[in-house]
Amino acid sequence: MALDLFKEKGTPVERQSFTWKDMVRRPYSKMDDDAFTRTRVILMNGIEADALRMKHIFARLNLELRPHLALVRRAEHHQQTLVNWLTPPDQKVIETTLGFEQLAIEVTASVALHEPDPYLAQTYRFGMLEDFDHLYRYSALYDRLEGQDPNNITQSYTDIIPGRPTVVEHRHPLDDLRRPYDCKTADPLSKLHAMTITASEFQTHDYYMTVGPTFTDPVARQLYAEIASIEEQHVTQYGSLMDPGESLLEKWMLHEAMEVYNYYSCLAYESNPRIKEIWQRFVDYELGHLHYVMELFKNLEKRDPAEVLPRTLPEPIAFKEHREFVRKVLSQEVDMRSDGMDYVDKSQLPPDHRTLAYQAQLNSEGSPSETAAAGYTWRPGTELAAKAQRMGSVLEGRRLQ
Amino acid sequence: MSKDTVADVGMNRTGIKTSPVDSKDIIAQAEKARPSSPGDAQAIADVRKQYMRESGDGLGRVPPPSSLKGVAKTAVDMLKGGKPTVFIDKLGERLAFERSGVRLYEGALSKLDVFGSWEGGPSRELLTKILDDELSHFALLMEAMEKLGADPTAMTPSADLTSVISMGVPAAISDARTNLRQTMQALLVAELTDNASWEVLIDLARGLGHDSLADRFQLALDAEAEHLALVKGWYAAGVSTEARAPMDSASMPAQP
Ligand SMILES: [Fe+2]
Ligand SMILES: [Fe+2]
Ligand SMILES: [Fe+2]
Ligand SMILES: [Fe+2]
Ligand SMILES: [Fe+2]
């Protein structure tokens, strides 16, 4: 049954309360829970972080909305805490990173498949191939730094192979901007998609910027620096899909609808009952936020929310593997580049193109992503498993002298 | 330029004696202040206990054996009144440790290239031999797990735990600012644990009646005992070499 955004009122904002014990719960299991539980936690942390970010920026721009934003924002903050604190502390930073890229691949794939606008869909496919490559680079790093198997984290859902090589993803800022949808004619789903993926990429960027310098390994420090730069490009790209002609309240209302949609999608796929309960509670909280803003929209903007919002929620985001789709896009679009707001084949970029100059400069002292994954092929049990098998255990116990 | 010495005199600001005037002032202020709540460090322990009681399945569980033969073997062990998954869990732990060990010795070889060795210190040949031993122990454990019908690619709870416990070891070695002597200190932690853990694993294997496996594991332990003796010796020689080195007078700070 599709959720009716107008009929379902959820939990009123004033009844959304927390305690420290409530926010700091037993985390999911890194080994026993489904990889998609990890990606959902990563996604919803990112969505809530964006709810906060947007509300802070709006509060700087609008005095009338400021108290309303403060009220709802506090609930968002505590939601984010509860969600993010589900991360198990035995999950290393690089393992969480693998989760971030897996999320980016699978959720962007789902969005690309469901996006009604062909240009927007193309943009999602374009970005997806880059995060796909990031998973491969970080996997090589994990294997070579820790001697551990990245597939322990991704659980055989996602291919661990090169995508559009990170080394060629570096683009001039003006080649990252895209044509926005038109808020008057765009499908509401297109708006929810753009907000979702922008939020998710933003958190990926912020995470890499926070954890990058905590690594001791110089290649790890370089790789996080390099991929964080691509995530900044992704935020630029996806953020520019949104129409600047929407009013603040319109954007706020859409954001709350997007939050409902994301929790609702998590709820539809969750296999861990303790976590499912949280998604349900937060669907209700977000409906509370949405109705709070719908009232403001009616009273302050004197407009009908039905002009902007879909009546019911679209089909949930699919938290599942998309290998067939990703492989197809990879084979057809890996050589796609962008020239301003348009997508072209790499052969169409003149040698003096601003992006090629920008790229050559950044990579002129070496490429961390190429270094980390030099000659890397993922094998079950790490690349060392193949080496060990060749060597055999005949040497076991062999004395040194 | 990289420095191959450690513990030179320099401006370290962490101690209370760095700031005689300010420290006197903050000590007096701290003595005057009253805590906002009564009690002591036990308060933290109480909350820890509360969370321990609610921790459910702990870190995670051991995957069931994947092959028929494994299921049969597991059933036999169960009849004997044992819990065969403990063995699988511990095999997974050693496997992960040995595999990570390969990466540690790769790191040590890089340090050797940049910083060189010292009298009584490691050679490229011996470091490479240890690396190969770790790799072959990893192969041995893969083989053992497969024979038991267990999945050698699974991260068992003990494998996860051991990687959490030893997280600092690869971190210390991959830090560009540590030298080969400091790397030996990190390897010492690894080899000490490795030796004790092989002993536990061998006892466990014998107890469960896996005698031929236990014999092969004993050979691995013999090699590990040599690793430990070597690393400890290299480390000790390194520290005393360092202590005999002349003071680097250029880096002596002016007295405040
Ligand atoms: Fe929220
Ligand atoms: Fe990425
Ligand atoms: Fe991205
Ligand atoms: Fe919200
Ligand atoms: Fe060893």
Side-chain angles (χ1 to χ4, degrees), chain A residues 20-21 24-33 88-95 141-153 155-156 214-222 272 274 378-401, chain B residues 50-51 54-61 63 95-104 106-107 126 129-130 132-133 135-144 152-157 159-161 163-164 167 170-178 216-223 226-227 230:
Chain A
W20 308 120
K21 184 73 199 330
V24 183
R25 299 170 168 232
R26 166 145 71 100
Y28 64 82
S29 166
K30 176 173 102 178
M31 292 156 291
D32 291 6
D33 273 298
D90 56 332
Q91 188 166 284
K92 295 177 185 173
V93 164
I94 181 133
E95 294 171 333
L141 184 72
Y142 182 55
D143 190 327
R144 292 172 169 183
L145 220 57
E146 308 275 341
Q148 290 189 276
D149 182 351
N151 193 53
N152 287 162
I153 300 300
Q155 299 175 359
S156 304
T214 66
F215 284 86
T216 59
D217 184 80
V219 174
R221 295 168 76 85
Q222 282 195 343
N272 179 329
R274 283 189 306 115
W378 170 78
R379 295 266 185 267
T382 77
E383 67 175 354
L384 293 177
K387 205 175 161 194
Q389 244 141 22
R390 277 199 305 277
M391 170 185 250
S393 60
V394 288
L395 292 172
E396 96 266 352
R398 179 181 54 97
R399 294 299 179 125
L400 284 170
Q401 270 94 25
Chain B
Q50 183 187 10
Y51 276 87
E54 297 167 3
S55 64
D57 286 322
L59 295 172
R61 291 166 293 183
L95 180 145
F97 199 94
E98 295 296 324
R99 187 173 58 194
S100 296
V102 177
R103 298 305 189 186
L104 300 183
E106 285 177 356
L126 282 175
K129 275 181 171 175
I130 301 182
D132 287 344
D133 279 349
L135 196 59
S136 75
H137 296 170
F138 166 46
L140 168 63
L141 288 155
M142 277 199 290
E143 220 181 282
T153 69
M155 181 191 284
T156 66
D160 177 49
L161 181 62
S163 91
V164 170
M167 212 139 73
I173 295 176
S174 59
D175 194 322
R177 301 163 305 167
T178 60
R216 299 179 71 193
F217 290 173
Q218 183 59 51
L219 294 173
L221 175 59
D222 293 346
E226 300 222 30
H227 299 176
L230 284 170

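Below, chains carry the letters A, B, ... as their sequence lines are ordered, and counting in each starts from 1.
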* Asked: With chain A, which of B/Asp160, B/Val164, B/Ile173, B/Thr153 has the greatest number of heavy-atom pairs at distances under 4.5 Å?
  -> B/Asp160

* Atom group of A/Asp32 that falls short of 4.5 Å from chain B, counting heavy atoms -> side chain

* Measuring heavy-atom distances to chain B, does A/Val24 have an atom under 4.5 Å in its side chain, in its backbone, in both, or in neither? -> both

* **Selection from A/Pro380, A/Pro218, A/Gly147 maximising heavy-atom pairs under 4.5 Å formed with chain B** => A/Gly147

* To do: Against chain B, work out which of A/Glu146, A/Met31, A/Lys92, A/Gln148 has the most heavy-atom pairs shorter than 4.5 Å and name it.
  => A/Met31

* Leading residue by heavy atom contact count with chain B [cutoff under 4.5 Å; candidates A/Ala220, A/Pro89, A/Ser29] -> A/Ser29

* Asked: In terms of heavy-atom proximity below 4.5 Å to chain B, should A/Arg144 be classed as side chain, backbone, both, or neither?
  -> both

* If we only count heavy atoms from C-beta on, is the B/Arg177 to A/Thr216 side-chain gap below 4.5 Å? -> no

* To do: Could you tell me which portion of A/Glu383 (side chain, backbone, both or neither) has an atom closer than 4.5 angstrom to a non-hydrogen atom of chain B?
  => side chain

* Structure fact -> Counting heavy-atom pairs under 4.5 angstrom with chain B, the leader among A/Thr382, A/Asn151, A/Asp149 is A/Thr382

* Is chain A contacted by the side chain of B/Gln50, its backbone, both, or neither, given a heavy-atom distance below 4.5 Å? -> side chain

* Asked: Taking atom CZ of A/Arg274 as the centre, does the number of heavy atoms from other residues, nucleotides or ligands within less than 6.0 Å exceed 12?
  -> yes

* Asked: Ignoring hydrogens and geometry, is there a side-chain-to-backbone donor-acceptor pair from A/Arg26 to B/Glu54 under 3.5 Å?
  -> yes

* To do: Show your reasoning for whether side-chain contact (heavy atoms from CB on, under 4.5 Å) applies to B/Tyr51 and A/Lys21.
  => CA-CA 10 Å; B/Tyr51 276 87; A/Lys21 184 73 199 330; 3.4 Å; yes

* **Proximal component of A/Asp143, with respect to chain B [non-hydrogen, under 4.5 Å]** => both

* Structure fact -> Distance col, row B/Met142:CE vs A/Leu384:CG, nearest 0.5 angstrom, shows 9.0 Å

* Structure fact -> So, the part of B/Ser163 with a heavy atom under 4.5 Å from chain A: the answer is both

* To do: Could you look at A/Asn152 and say if it's the side chain, the backbone, both or neither that has a heavy atom under 4.5 Å from chain B?
  => side chain

* Structure fact -> Okay, A/Glu95 and chain B: the region with an atom under 4.5 Å from a heavy atom over there is side chain

